[in-house]
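Everything below concerns the one structure shown next.
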Amino acid sequence: MKKIILLGPQGVGKSTLANLLEGKQDSFVDKTVVPEYIGDVLDTPGEYMEHRIFFGRFQVLATEYPIIGVLIPCKFDNIYIPPNFMSMFPNKKHIGIITKTDIGDKHDIEKCRLLLNQAGIKECYEISIHDPESIQKLKNIIA
Ligand SMILES: Nc1nc2c(ncn2[C@@H]2O[C@H](COP(=O)(O)OP(=O)(O)O)[C@@H](O)[C@H]2O)c(=O)[nH]1
Ligand SMILES: [Mg+2]
């Protein structure tokens, strides 16, 4: 059953997370150039969030998934999400996923939460590949 579609800038950790969610711990993650179906997870290229021209395509892909996961790296300087972006996706569960918390602090995480909140996402989770519990918690939410 299709579970979640991931959206986020290049290098945020979407493909890594998609593989972890599907129990593929040691797969090699290359640059994602097209949407990739990894089990029940749909991994998308960073461009889908970075360039407006892809928003429509993402919207079509998202129709089949009950959850949209928007990933933001703990440390970022230049990420733009249109205010209330999630209103493009009514009737879905929206979750924010703050990645790479191993390289950031509380202040960085707060900044991410604010950005996600402005996009219309209230429910946020913090993850790190070095904290298996954080991945497990997310798995349980998505299941
Ligand atoms: N420090 C750290 N690095 C991570 C984490 N998650 C992913 N990465 C690294 O970030 C890089 C980009 O990951 P990738 O999954 O390809 O990002 P994508 O472009 O969003 O698909 C890779 O080198 C990953 O190993 C994390 O939680 N902590
Ligand atoms: Mg990728």
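Residues take their numbers from the sequence shown, with the count starting at 1. Only this structure's heavy atoms are used, side chains among them; waters, hydrogens and symmetry mates stay out. Atoms within a ligand are numbered from 1 in the order they appear, just like the ligands themselves.
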So Gln10 and Lys31, do their side chains get closer than 4.5 Å, heavy atoms only?
yes
Could you tell me whether some N/O pair between [X] and ligand 1 is separated by less than 3.5 angstrom?
{"X": "Asp30", "value": "no"}
{"X": "Asp43", "value": "no"}
{"X": "Ile127", "value": "no"}

Note: ligand 1 atoms sitting under 4.0 Å from heavy atoms of Pro9 are 20 (O)
Ligand 1 atoms nearer than 4.0 angstrom to some heavy atom of Ser15 are 15 (O), 21 (O)
* Is_contact(atom 22 (C) of ligand 1), protein non-hydrogen, under 4.0 Å -> no
Identity and separation of the nearest protein heavy atom to [atom]:
{"atom": "atom 26 (C) of ligand 1", "answer": "Ile129 CG1, 3.3 Å"}
{"atom": "atom 19 (O) of ligand 1", "answer": "Gly11 N, 2.7 Å"}
{"atom": "atom 17 (O) of ligand 1", "answer": "Gly13 N, 3.0 Å"}
{"atom": "atom 15 (O) of ligand 1", "answer": "Thr16 OG1, 2.5 Å"}

Hey, is Thr99 one of the residues with a heavy atom under 4.0 angstrom from ligand 1? no
**OP:** Return yes when Ser128 approaches ligand 1 closer than 4.0 angstrom through a heavy atom, no otherwise.
**Re:** yes
Checking heavy-atom distances from atom 18 (P) of ligand 1 to each of Lys75, Lys14, Met49, the winner is Lys14
Give the table of side-chain donor-acceptor pairs shorter than 3.5 Å for residues 64-91, with sequence neighbours excluded, one pair per line with atom names and distance.
{"unit_1": "Glu64", "atom_1": "OE1", "unit_2": "Lys2", "atom_2": "NZ", "d": "2.7"}
{"unit_1": "Lys75", "atom_1": "NZ", "unit_2": "Asp108", "atom_2": "OD2", "d": "2.9"}
{"unit_1": "Ser87", "atom_1": "OG", "unit_2": "Asn84", "atom_2": "O", "d": "2.7"}

For residues 111-120, the side-chain hydrogen bond (donor to acceptor under 3.5 Å, both in side chains) pairs (sequence neighbours left out) are Arg113-Glu126
Here the side-chain hydrogen bond (donor to acceptor under 3.5 Å, both in side chains) pairs for residues 134-143, sequence neighbours left out, are Gln136-Asn140
Under 2.8 Å from the Mg ion (ligand 2), the protein N, O or S atoms found are Ser15 OG, Thr32 OG1
Any heavy atom of Val12 under 4.0 Å from ligand 1? The part involved is both
